[in-house]
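Because the structure is a prediction, the values reported are computed rather than measured.
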Amino acid sequence: MARRRMIAPEIWESSSFSKLSNFAKLIFIGLISNADDEGKGIADPAYLRSKLFPRNPTIRVSDIQNAISEIVQKVSVTIYADADGNSLYSLTKWALWQNIANPKPSIYPNPQTATTVGERGSYTQNSDLSKDVPRARDKEEKINKNKEREIHTPTLEEIADYCQKRKSSVNPQRFFDYYSANGWMVGKYRMRDWQAAVRRWETNGVDYVKPSSINADYSDSELSALFTQVKEDDE
């Protein structure tokens with residue numbers, strides 16, 4: 001199987017290719033150099049690692065997997081599976097970029113379907129690998145959103161400093177103790193913005209200290225009644 005392939009100078013001016021990370025660019029060029037005479041090859045990440053990085057044990061299979069996922073999203077390549085479920089690739093417009101004398105027929109089947117994408121051709125997402133790409137991306141986005149929603153549990157010092165800057169009537173110690181005791185929950189949900197909660201305490205008059213009652217204290221039932229209307233702005 002011939003392995004002399006041409007890398008066209010135009011590839012460096014390609015907007016799709018330029019959007020790839022440096023590692024994904026390297027993998028894409030590796031797909032070109034390892035393709036058969038019809039521009040097809042094996043897309044299995046473990047196989048590609050053995051072919052492209054035989055002397056570099058630091059490259060992980062997951063690195064190759066991520067690079068392939070990036071490539072199919074940004075560059076015109078067909079990723080598909082044969083009848084046995086083996087992951088294959090086919091380089092779109094192969095004949096336009098390679099001039100092969102006496103090409104040998106490919107041992108790999110043609111892709112069954114294709115969807116127009118990218119500036120140079122098309123790719124399909126009907127293989128197990130490519131089906132995992134959107135699922136993995138959705139999962140990652142969900143994790144990132146959950147991380148954004150997680151509260152930074154404030155220290156008593158941070159609450160006191162915030163109240164002092166606002167000249168707030170809220171008692172920092174009482175605020176800290178109350179939410180520490182209930183796991184920083186507001187109703188059924190975990191608090192998203194403790195500073196907004198402080199401001200809402202101010203609005204609802206929670207822990208408001210009047211000169212005539214500077215030594216006044218609240219019972220647990222009184223506090224619970226006051227807190228029933230305390231809701232976060234972003235809920």
Side-chain angles (χ1 to χ4, degrees), residues 1 3-82 84-98 106-149:
M1 191 179 298
R3 280 292 180 264
R4 293 184 179 180
R5 305 303 185 212
M6 182 185 74
I7 304 298
E10 291 83 0
I11 194 173
W12 306 106
E13 300 175 359
S14 165
S15 62
S16 297
F17 183 77
S18 66
K19 293 176 182 177
L20 295 176
S21 64
N22 290 337
F23 186 71
K25 289 177 181 176
L26 181 61
I27 299 301
F28 181 65
I29 292 175
L31 297 181
I32 295 174
S33 65
N34 281 275
D36 63 15
D37 290 352
E38 292 186 5
K40 302 173 187 175
I42 299 174
D44 178 70
Y47 173 82
L48 289 174
R49 185 184 69 169
S50 68
K51 297 294 292 185
L52 304 181
F53 306 99
R55 294 184 175 86
N56 190 344
T58 63
I59 301 297
R60 301 170 298 180
V61 173
S62 60
D63 296 331
I64 308 294
Q65 170 80 60
N66 293 336
I68 294 175
S69 299
E70 182 181 351
I71 288 169
V72 300
Q73 293 297 313
K74 298 179 180 178
V75 183
S76 302
V77 177
T78 300
I79 298 291
Y80 62 106
D82 63 12
D84 296 325
N86 298 310
S87 182
L88 305 174
Y89 69 89
S90 178
L91 299 169
T92 309
K93 308 293 184 180
W94 173 259
L96 294 179
W97 300 101
Q98 304 295 327
S106 177
I107 63 174
Y108 305 116
N110 291 322
Q112 295 179 352
T113 60
T115 303
T116 302
V117 169
E119 65 180 38
R120 290 178 53 194
S122 61
Y123 71 80
T124 183
Q125 291 191 342
N126 63 332
S127 70
D128 291 342
L129 168 66
S130 56
K131 286 179 180 178
D132 286 340
V133 172
R135 286 200 296 263
R137 185 175 62 251
D138 292 343
K139 182 177 180 180
E140 182 178 359
E141 290 177 354
K142 184 177 181 179
I143 292 174
N144 290 336
K145 287 181 179 179
N146 288 338
K147 287 182 178 179
E148 291 176 358
R149 291 164 63 93

*side-chain contact (heavy atoms from CB on, under 4.5 Å) assessment of Ser87 paired with Ile79*: CA-CA 7 Å; Ser87 182; Ile79 298 291; 4.2 Å; yes
*Please step through side-chain contact (heavy atoms from CB on, under 4.5 Å) for the pair Tyr89 and Ile71, ending with a clear verdict.*
CA-CA 11 Å; Tyr89 69 89; Ile71 288 169; over 6 Å; no
*Kindly indicate, with the supporting measurements, whether the criterion side-chain contact (heavy atoms from CB on, under 4.5 Å) is fulfilled by Trp94 and Asp36.*
CA-CA 10 Å; Trp94 173 259; Asp36 63 15; over 6 Å; no
_Asn34/Leu48 under side-chain contact (heavy atoms from CB on, under 4.5 Å): CA gap, chis, key distance, verdict_ = CA-CA 9 Å; Asn34 281 275; Leu48 289 174; 5.7 Å; no
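Every residue meeting the side-chain contact (heavy atoms from CB on, under 4.5 Å) condition with Ser50, not counting sequence neighbours, appears here in chain and number order: Tyr47. Asn56 pairs by the side-chain contact (heavy atoms from CB on, under 4.5 Å) definition with Phe53, Thr58, Ile59, not counting sequence neighbours. Judged as a side-chain hydrogen bond (donor to acceptor under 3.5 Å, both in side chains), and not counting sequence neighbours, Ser18 has no contacts. Looking at residues two or more places apart in sequence or on another chain, you find a salt bridge (Lys or Arg N to Asp or Glu O under 4.0 Å) between Asp63 and Arg60. Listed by chain and number, the residues in a side-chain hydrogen bond (donor to acceptor under 3.5 Å, both in side chains) with Glu38 are Lys40 (sequence neighbours excluded).
What you find for Ile32 and Arg5 is that their closest heavy atoms are O-CG, 3.2 Å. Shortest non-hydrogen contact noted between Tyr80 and Pro109 is OH-O, 2.5 Å. When every heavy atom of Ile27 is checked against every heavy atom of Ala67, the shortest pair comes out as CG1-CB, 3.7 Å. Heavy atoms only, all atoms of each residue included: Pro45 and Ile68 are closest at CG-CD1, 4.2 Å.
From Ile42, atom CD1 reaches atom CG of Leu31 across 11.5 Å, with rounding to the nearest 0.5 Å. With values rounded to the nearest 0.5 angstrom, Leu52 atom CG is found 11.0 Å from Ile29 atom CD1. Phe28 contributes atom CZ, which lies 8.0 Å from atom OG of Ser14 (distance to the nearest 0.5 angstrom).
Side-chain atoms of Tyr108 never come within 3.5 Å of backbone atoms of Leu88 as a donor-acceptor pair (strictly under, hydrogens ignored). Of the possible polar contacts, one joining the Glu70 side chain to the Ser21 backbone as a donor-acceptor pair under 3.5 Å is found. Judged by distance alone, with hydrogens and angles left aside, the side-chain atoms of Arg49 form no donor-acceptor pair with the main-chain N or O of Asp44 at under 3.5 Å. Listed for the Asn86 side chain is no donor-acceptor partner under 3.5 Å among the backbone atoms of Asp82.
Each salt bridge (charged side-chain N to carboxylate O under 4.0 Å, His left out) pair with one or both residues in residues 21-31, not counting sequence neighbours, would appear here, but there are none.
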